[in-house]
Amino acid sequence: MDKFMLIDGNSIIYRAFFAMQQPMTTSAGLHTNAVYGFTNMLLRVLEEHKPTHVMVAFDAGKITFRHSSYEEYKGGRQKTPPELSEQFPLLKDLLTAFGISHYQLEGYEADDIIGTLSLQAEQKGCEVLVLSGDKDMLQLASEHVRIALTRKGVSEIEQYGPAEVEERYGLTPAQIIDLKGLMGDASDNIPGIPGVGEKTALKLLHQFGTVESVLENTDQLKGKMKEKIETHADDARLSKELATIFREVPFDASWDSMKYEGIQAATAVTALQKLEFKSILQRLNLSDVAAHPDATLDELNADAESHVAPMEDLKVTMLDEQHVSELEAVLNTVDVVHVESHGDNPHHAELVGVLFGTPEEYYFLTPDVLKSDAATAIRSWLADDSIPKQGHDLHRADLVLFWDDIAFAGAAFDIQIAAYLLDPTESGQSLSALASKYGLPVLSEDDSVFGKGAKYKVPEQDVLSQHLARKAATIRQLVPLQRDQLEQNEMTPLFSDLEMPLSRILADMEKQGVAVNTDELRALGKEFEQQISKLVAHIYELAGTEFNLNSPKQLGEILFDRLGLPVKKKTKTGYSTSADVLEELAPYHDVVQYILTYRQLAKLQSTYVEGLLKEIHPKSGKVHTYFRQTITATGRLSSQFPNLQNIPIRLEEGRKLRKVFVPSQQGWSMLSADYSQIELRVLAHISDDAGLKDAFVHDMDIHTKTAMDVFGVAQEQVDSNMRRSAKAVNFGIVYGISDYGLSQNLGITRKEAGDFINQYFDVFQGVRRYMDDIVDEAKQHGYVKTMLERRRYLPEIRSSNFNLRSFAERTAMNTPIQGTAADIIKLAMVHMDRALNEHGLKSRMLLQVHDELVFEVPADELEQMKTLVPQVMQDALELSVPLKADVSYGANWYEAK
DNA sequence: ATTTTCACG
DNA sequence: ACGTACGTGAAAATG
């Protein structure tokens, strides 16, 4: 017998929305929580009831036939929140992908469509199940029509037939209409009789049976109730009419179109991926879906239970020295490598083991075995640049192996880099997180296999090798999925021609390291130390007490409680003692200036002198930073252990630290080249602003030029203050300007800052247009792009929260600029690496500091490098304005300024 | 583990 | 009215 399931789409999606209040969005910022709740419920009921026909009905249009008899019908109702209304089309698309029919008809509500269909189905001899969250539906219950009402959001379902309705209310299904006629329904703005709630209504109906009968027999009632019912008799009749589901909707969908033969797996998976429903996808085996595109989910599930091997069955061979040849024999089929290591700093991390994966089998080698004579061929394979390798964080693998004297080359597809490009803000880039993101079989977190922090322990070898094999299996399955997505996003060149080659270049730079003159560094430390101890004594004396100068809390107590200085700013935990606050306090008390100087020197001492000494590698005597390629939201690199991208330069005291960074060989020089105003040049290109472009084409001083245009004066009339202001505006423009930010920076009022910005935009109209357009673009697509198609998703650009939205808007303005600048210097690095090789130069690229490249150069290459480096940098990418790079060199990084 | 401060582009 | 300039990492104190 046919079994028809009718779903009240509006009712269920509303309930799902309000039940799941935690926000849930796709990376592009579409809200999906209601669709998610709906889908989970749908899959559950389909599984449980196995219907032959399914139809989801929706309301259509704002005006229904009910409005003609009662204009205020559904009046006063809260407007559907936009976070929910944007989910209706998503749900309908998903249903289509599932192969489930949905229907709506102008002028009718979902109730009416369901009422009509349930009647027709029943007359055809079908069993009908109606799914809704609305009690009104109970009026449809009959011998062959059961009503399933959701409870607790949509997580539970309660079924009603006529018997259950009788049991619950003591009424027949038809009397449900009368019930509502008397008690009304606030949510639909159906009046009912004031003062009559469920209790009274039920009592009346048990006594009289129908609304009409109640109204005819008011003489049997007495007191207030009699009065109210008599005065609101018409309301009761109207309410009953409104509550009655119309069961003769002119329906033109065919019976066959509602047939349900299981969810089409292939289209369903695509749709679920689009919605990023990880946990739902996780339950499906994607490789099976790919193999059987025409199958339904049920068929695949049945299939999976019968013969797909569970993860436990991965075939892993642990190879000792005697059996390494087994791997040698299949090396040409190895398609995944995973290097497991322990420790955050890859230059000091311990090699735990290496896993080689072929599609058939996995092989695990301990570090000892890999380093043994027996594994020479394996090591040659690892070192062979012409053999492409796939893995997760191969950059780290390369470094870890390097310090164990094992060469690695040929990284072709790094899924960590791919994941970063696909969404640079996604923090969870662990392999396990990626597995769940893509709905692959669950992979244990490293923390749970190894333990966290001090509890880290390498497990038994069978557990270890099994875990690593699962990682390898995950990598193998991920590669084609990411490859497709990169291709779809037109990011394949960015990935293959820029980021992958760069990852090897970075590893080379890091292995090379930078030599540090430790004697000089220690001498600087001594100098700082002497100044610091004098300052501390002085400060204690002026404060009248000793305290921990490094504690903002204690310092705050001294300054504001003990010395009674005015409080300018507070943090969430107490007084702010940041430098800008202290600057303001300096006139009030002599101690403040000493504290500022102390802060400055203490920073240099702890972070740079002591910090740097700690990072000198015992094996090389150099510092080897670790450039991270998958951290920043904009595409920039970051640098760790130590951070060599924030070595002091702005103040002379700190700048001296650059003297300790020296060439690693006698007679060599440090050479540094930096882009001049790269971000503003990028802005000139992207915004196509005539004035800005003109300024760069003529290589003018951009801040002076800005001052001339904004203040409307000649070059000679620009004083240092005007130039300073113009410079601040230019910075602000790049950051995504706000009047508040500029006012803070320049110490002017917000209004003055705002006027200033307006003047700027009046002159640079192309820039204004760019800022407007890019925010619109971000709102429309949910992401912004750099010139090389690097993306950043900005889900909060559609937020109703002003702060979140404003932040996203500034980010939309800044990211294409900062990100394109990052693209450009990365391109320059790839070109530079090639140029050094092609020219057979011994010079080495050592550091990248966002707009600067640092090299060490032998004396006989100095002349050539002085022209080659800026040339390559300037030609990295062609813009509508020239790029400019300045070069300098000297005996150390300080001299190369 | 989080907060505050400060170094850089 | 809201309360920020964009992007990072490290050290120290403190919860």
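Protein chains get the first letters and strands the later ones, always in sequence-line order, with residue 1 at the start of each.
- Counting non-hydrogen atoms under 4.0 angstrom, A/Val849 reaches the backbone sugars and phosphates but no base.
- Contacts of A/Ile737 with the nucleic acid, taken as non-hydrogen atoms under 4.0 Å apart, include base atoms.
- DNA chain B lies under 4.0 Å from at least one heavy atom of each of the following residues of residues 568-597 of chain A: A/Thr571, A/Lys572, A/Thr573, A/Ser576, A/Thr577, A/Ser578, A/Ala579.
- Among the heavy atoms of the strands lying under 4.0 Å from A/Thr632 are primed sugar atoms or P, OP1, OP2 only; no base atom is included.
- Comment: A/Asp709 engages A/Lys705 in a salt bridge, judged by a side-chain N to carboxylate O separation of less than 4.0 angstrom.
- Of all nucleotides present, none satisfies the Watson-Crick or G-U wobble test against C/dC2 with each distance under 3.5 Å.
- Atom CZ of A/Phe627 is separated from atom C1' of C/dT8 by 13 Å (rounded to the nearest Å).
- Atoms CD (A/Glu679) and P (C/dC6) sit 13 Å apart, rounded to a whole Å.
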If you look only at distance, which donor and acceptor atoms sit under 3.5 Å apart when one is on a side chain in residues 768-778 of chain A and the other is two or more places apart or in another chain?
residue  : atom : partner  : partner atom : Å
A/Arg768 : NH1  : A/Asp762 : OD1          : 3.4
A/Tyr770 : OH   : A/Met813 : O            : 3.1

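- Looking at heavy-atom distances under 4.0 Å, A/Tyr740 makes contact with a base.
- Residues A/Arg791 and A/Val784 form no side-chain contact, since every pair of their non-hydrogen atoms from C-beta on lies 4.5 Å or further apart.
- Following rounding to the nearest Å, A/Phe731 (CZ) and C/dT4 (C1') show an atom-to-atom distance of 17 Å.
- Counting only heavy atoms from C-beta outward, the side chains of A/Asn892 and A/Phe661 never approach each other to under 4.5 Å.
- Among C/dA5, C/dC2, C/dG7, the nucleotide with an atom closest to any side-chain atom of A/Gln818 is C/dG7.
- Nearest nucleotide to the A/Ser638 side chain, out of C/dT14, C/dG9, C/dC6: C/dG9.
- Base engagement by A/Arg750 is indicated by at least one non-hydrogen atom pair under 4.0 Å involving a base atom.
- As a whole-Å value, the separation of A/Asp344 CG from B/dA1 P is 12 Å.
- Phosphate contact (OP1/OP2 of C/dG7, side-chain N/O of A/Arg792, threshold under 4.0 Å): present.
- A salt bridge does not link A/Arg658 to A/Glu653: none of the charged side-chain nitrogens sits closer than 4.0 Å to a carboxylate oxygen.
- When the side-chain nitrogen and oxygen atoms of A/Arg636 are compared with OP1 and OP2 of C/dT8, none of them lie within a distance under 4.0 Å.
- Heavy atoms of A/Ala728 sit under 4.0 angstrom from at least one base atom.
- Not counting sequence neighbours, the partners of A/Phe495 by the ring-ring contact (aromatic ring centres under 6.0 Å, His included) test are A/Phe413.
- Under the ring-ring contact (aromatic ring centres under 6.0 Å, His included) criterion, A/His538 pairs with A/Tyr594, sequence neighbours left out.
- Using a 4.0 Å heavy-atom criterion, one finds that A/Leu742 contacts the bases of the nucleic acid, with or without backbone contacts as well.
- Between A/His703 and A/Phe731, the two ring planes are parallel [angle under 30°; tilted spans 30° to 60°].
- Protein atom CG of A/Leu637 is 12 Å distant from nucleotide atom P of C/dT8, rounded to whole Å.
- Residue A/Ala822 is out of contact with every strand shown, counting any heavy-atom pair closer than 4.0 Å.
- Considering only the side chain of A/Asn803, C/dG3 comes nearest among C/dG3, C/dT8, B/dG9.
- Annotation: ring-ring contact (aromatic ring centres under 6.0 Å, His included) contacts involving residues 782-824 of chain A, sequence neighbours excluded, comprise A/His781-A/Tyr783, A/Tyr783-A/Tyr793.
- Between A/Arg599 and B/dC6 there is a side-chain polar atom (N or O) within less than 4.0 angstrom of OP1 or OP2.
- Side-chain contact check for A/Gln416 and A/Gln629: no donor-acceptor pair (N or O, by modelled atom type) lies under 3.5 Å.
- Between B/dG9 and A/Arg650, a contact under 4.0 Å exists linking OP1 or OP2 to a side-chain N or O.
- Among A/Val660, A/Leu604, A/Asn517, the one residue that satisfies the side-chain contact (heavy atoms from CB on, under 4.5 Å) test with A/Leu524 is A/Val660.
- Remark: the separation of the C1' atoms in C/dC2 and B/dC6 is 28 Å, to the nearest Å.
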Distances under 3.5 Å only, N/O to N/O: pair up the protein atoms with those of nucleotides 10-12 of chain C.
residue : atom : partner  : partner atom : Å
C/dA10  : OP1  : A/Phe641 : N            : 2.9

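- In this structure, A/Asn730 atom CG and B/dG9 atom P are separated by 17 Å, rounded to whole Å.
- Pairing for C/dG9 is with B/dC6, a Watson-Crick or G-U wobble pair whose two hydrogen-bonding atom distances lie under 3.5 Å.
- Between A/Leu644 atom CG and C/dT8 atom C1' the separation is 14 Å, expressed in whole Å.
- Atom C1' of nucleotide B/dA7 and atom CD of A/Gln645 are separated by 12 Å, given to the nearest angstrom.
- Atom C1' of B/dC8 sits at a distance of 25 Å from the matching atom of C/dG3, rounded to the whole Å.
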